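Below is a structure I'd like to ask you about.
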2 protein chains.
Amino acid sequence: MSSPSDRNSAAASHSPGEVLALIGSGAVTTRADIARVTKMARSTVSQRVDALIAHGLVDEDADGGSTGGRPPRRLALRTREHAVAGVDLGASHCRVALMDIGGTTLAAHEEPLSIGDGPDSVLRHVERTVRALLKETQREPGTLRSIGVGVPGPVEFSTGRPVDPPIMPGWHQYPIPEFFASRFGVRALVDNDVNVMALGEQRRAFPDCRYLLYIKVGTGIGCGIVADGRLHRGAQGCAGDIGHIRVADLDDPCRCGNAGCLEAVAGGASLAAKLVGLGLDAASGSDVVRLVQSGNRDAVRMVREAGRAVGEVLAGLVNFFNPDTVVMGGALAAVHDQLLAGVREAVYRRSHPLATQLLRIEPSRTGENAAAVGAGILAIEHALSPEQVNRLVAG
Amino acid sequence: MSSPSDRNSAAASHSPGEVLALIGSGAVTTRADIARVTKMARSTVSQRVDALIAHGLVDEDADGGSTGGRPPRRLALRTREHAVAGVDLGASHCRVALMDIGGTTLAAHEEPLSIGDGPDSVLRHVERTVRALLKETQREPGTLRSIGVGVPGPVEFSTGRPVDPPIMPGWHQYPIPEFFASRFGVRALVDNDVNVMALGEQRRAFPDCRYLLYIKVGTGIGCGIVADGRLHRGAQGCAGDIGHIRVADLDDPCRCGNAGCLEAVAGGASLAAKLVGLGLDAASGSDVVRLVQSGNRDAVRMVREAGRAVGEVLAGLVNFFNPDTVVMGGALAAVHDQLLAGVREAVYRRSHPLATQLLRIEPSRTGENAAAVGAGILAIEHALSPEQVNRLVAG
DNA sequence: GCCACTTATGCCGATGACCGAACAATGGAT
DNA sequence: ATCCATTGTTCGGTCATCGGCATAAGTGGC
């Protein structure tokens, strides 16, 4: 038996925030469970739980089924009272998902919106949408705990400010978190859209995968990186910018000034342009998808070709990063049969066997709301972080 | 004033292990310092320090200079009583560095040794060398706390076993830690040689850099990855295997069966072979270095060319990983003027400006002992890890 | 239906980690 | 010589946490 209250040995002692995280994760649902997992005394657990209940963070449900003894009281996050918003800003759309802190999507809304309208106009629109969704789901505005935002460009995550975003005119250094702080009084977390999609995909669809790459093939091509369960943003926060990696043996000119960039070879915009060159009607990536789905041979061949190009680059990244999972998402993932075939072919040909032996390459499992939900998860994980909760319970 | 003993608010409270880590880092040197940094009461700090002294982990030096009040007693790791060994196993050499837990190299020894002799023979040799170094520096064998080992092939870090290492016949799944546990009774940590070099370089030469890539250009080409201050090993532990990434527009056949691999284009072995093809006498990477240093035009051109190929691949990795520092090491780093010129040229041409704006690309600053010292640091960080120390102090 | 048994939670005194304040030590400043 | 600034130690008090016991609330056998 270990000596009591010994912070040196297998140290029990978990802060209220850590207890809440356990409850939130769904891994434990009763006080007795918590005591078993944390090894804290049952009395201590009750104390922690009482504090969380007193602060309205946890609810005591009805009794759970008995397993031969007194039935436990089930504990759960007080989802009614705590909501977050996940915002997905695209080049030409805006999607907002209202979620409770349990991760359930309560309502979502999408509409076309040009990011080029500038931060003031766009963010005011987001604010209105969030308020509308709160009303629609009959939640008090005061129940909003935080906001996650995904934007189509590089962001300095710590300050939440876009940095020289190529397709977001007027957004450079705009203080997005301050906007939401003044409107809702909550913290906003802003990240690149591919990052939040990677986070959402990992948390929702691949919870057991610790090293995940999310490849988004849309108009451009980007990559979100989850390493050891956390987002890897790199030194300047622009990690995952794979659109301009050189593809061997191809010389398609790219808007970046170089030739043979992955984006120029396999990006939706470039595929569409090539199809136009063949006399077909394709303005964007979605038209490419439509043509493939209708069985157009040139389009199918081209997407497969694009898959090989993506796979060529991905093969190098797999060798370098050694992920356990690669997820293909973005507009062109709608035709993932063709795309994945090319990707797998190239990756398995060129990557090291040890790196590919357990590697999974799969299409995205999250749907249209991927980015909004991912942003919401970012917000939830902030709101439920032990530091946040401890501050709340202590204050 | 925050209420005392509140584990929720700005929670002071640091375990003995954390206190030792502070002392070991050199950031603090007196009890008063520790109290200021950790915000614990001075009495508590004394208690922690007393425990560490009682267990022989910390020494109380002579007084430090007064600054107008009572002079502080300086604290330092008890380096006399705690040593580690760092072992660098190469294809044809074995280097052992004996270090104290403060990180000072006490003695080092190198000699030629073929890894192909098999684990039994090689590890017995290592054991003899470690014992000789202990005797040479007049340390008791019992002062050895742990052993770090870098090997030239993939390793499952958690078990310390090589996994299908191409140039280490007979080592597949050999339990290296068990060997040392039975001989010295200490834990051995085994990792890929490039990983320990990256770790050593980061800790020694670039302590402020959190995202570092260490590129080793020797016979082959490999990469060690430090992300957020920790080694990134990937899902299977084979991350950083960049030798067989495809280089655009080049088709040199590679031993792996593919063509255009970085290693086939720019590896020391391949460069030597090409020089032989030009009628020059070059058996390995070191001969290439010799030729470059003697001003041979073909060799200089070829190394520069190799630099560009490395840079081409590195440009992609910089976009993907967004490091703040890239270090070039390995045998060919001896001619880093020529190599770096090519690397920088390619990286700055092809990487995203945001990723390169603060990027440093520099030659390795650690010398011949890089891998052995890196392995030693791995061992030190294990021996001084809070978990280890807490167990010691508690037990 | 009653009772033994099992499991969950609440209550309470005991323990000890940590704190803060007072005190001792030690050298510089005046 | 005296005061001051700073460091470290001692000691009593507080509070978080523990373990044990009482209570709650089911199941299953008889």
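Note that the coordinates shown come from a computational prediction; the quantities given were computed from them, not determined experimentally. Quick note on labels: first sequence line is chain A, next is B, and so on, each numbered from 1.
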Quiz item: Nearest-Å distance, NE2 (A:H14) to C1' (D:dT17)?
Solution: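 Answer to the nearest Å: 13 Å.
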Practice problem: Rounded off to whole Å, could you give me the CG-to-C1' distance for the B:L75 and D:dG8 pair? | Solution: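 My rounded result for the distance is 11 Å.
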Quiz item: Just how far, in rounded Å, is P of C:dA17 from CG of B:N390?
Solution: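 Interatomic distance, CG of B:N390 to P of C:dA17: 14 Å.
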Quiz item: What's the CG-P distance between B:L52 and D:dG8, to the nearest Å?
Solution: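 From B:L52 CG to D:dG8 P: 15 Å.
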Self-check item: side chain to side chain contact (heavy atoms under 4.5 Å, CB included) involving A:E140 - partner list, sequence neighbours excluded
Solution: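 Side chain to side chain contact (heavy atoms under 4.5 Å, CB included) list for A:E140, sorted by chain: A:T143.
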Practice problem: With side-chain contact (heavy atoms from CB on, under 4.5 Å) as the test, would you mind laying out the steps for A:I23 and A:T29 before giving the verdict? | Solution: CA-CA 6 Å; A:I23 298 173; A:T29 55; over 6 Å; no
Quiz prompt | For atom CD1 of A:I34 and atom C1' of C:dA8, their distance in whole Å | solution =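 Between C1' of C:dA8 and CD1 of A:I34: 12 Å.
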Quiz prompt | Which residues share a side chain to side chain contact (heavy atoms under 4.5 Å, CB included) with B:I380, sequence neighbours left out | solution =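 Checked B:I380 against side chain to side chain contact (heavy atoms under 4.5 Å, CB included); matches are B:V84, B:M99, B:L384.
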Quiz item: Sequence neighbours excluded, which residues qualify as salt bridge (Lys or Arg N to Asp or Glu O under 4.0 Å) partners of B:R73?
Solution: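 With neighbours one apart ignored, the set is B:E60, B:D63.
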Exercise. Could you state the atom-to-atom distance from CD of B:Q47 to P of D:dG12 in whole Å?
Key: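 My rounded result for the distance is 15 Å.
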Quiz item: Which residues pass the ring pair (Phe, Tyr, Trp, His ring centres under 6.0 Å) test with B:Y211, sequence neighbours left out?
Solution: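 Partners of B:Y211 by the ring pair (Phe, Tyr, Trp, His ring centres under 6.0 Å) criterion, ordered by chain and then number, come out as A:H232.
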Quiz prompt | Distance in angstrom units between B:R48 CZ and C:dC19 P, rounded | solution =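 Going from B:R48 (CZ) to C:dC19 (P), I get 8 Å.
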Self-check item: Closest listed nucleotide, where the reference is the side chain of B:D50 and the choices are C:dC19, D:dT9, C:dT9
Solution: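 Nucleotide nearest to B:D50's side chain: D:dT9.
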Self-check item: Presence of donor-acceptor pair under 3.5 Å, side chain of B:S43 and base of C:dG20
Solution: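 Looking at the base of C:dG20, it does pair with a donor or acceptor on the side chain of B:S43 (distance under 3.5 Å).
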Self-check item: Set of side chain to side chain contact (heavy atoms under 4.5 Å, CB included) partners for A:L133, sequence neighbours left out
Solution: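 Per chain and number, A:L133 pairs via side chain to side chain contact (heavy atoms under 4.5 Å, CB included) with A:V96, A:L98, A:A107, A:H109, A:T129, A:E136.
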Quiz prompt | Spacing of A:K39 atom NZ relative to D:dG19 atom C1', expressed in whole Å | solution =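 Taking NZ of A:K39 and C1' of D:dG19, I get 17 Å after rounding.
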Quiz item: Where along nucleotides 2-7 of chain D does protein come under 4.0 Å, by heavy atom, of base (B) or sugar-phosphate alone (S), with - for untouched nucleotides?
Solution: ---BBB
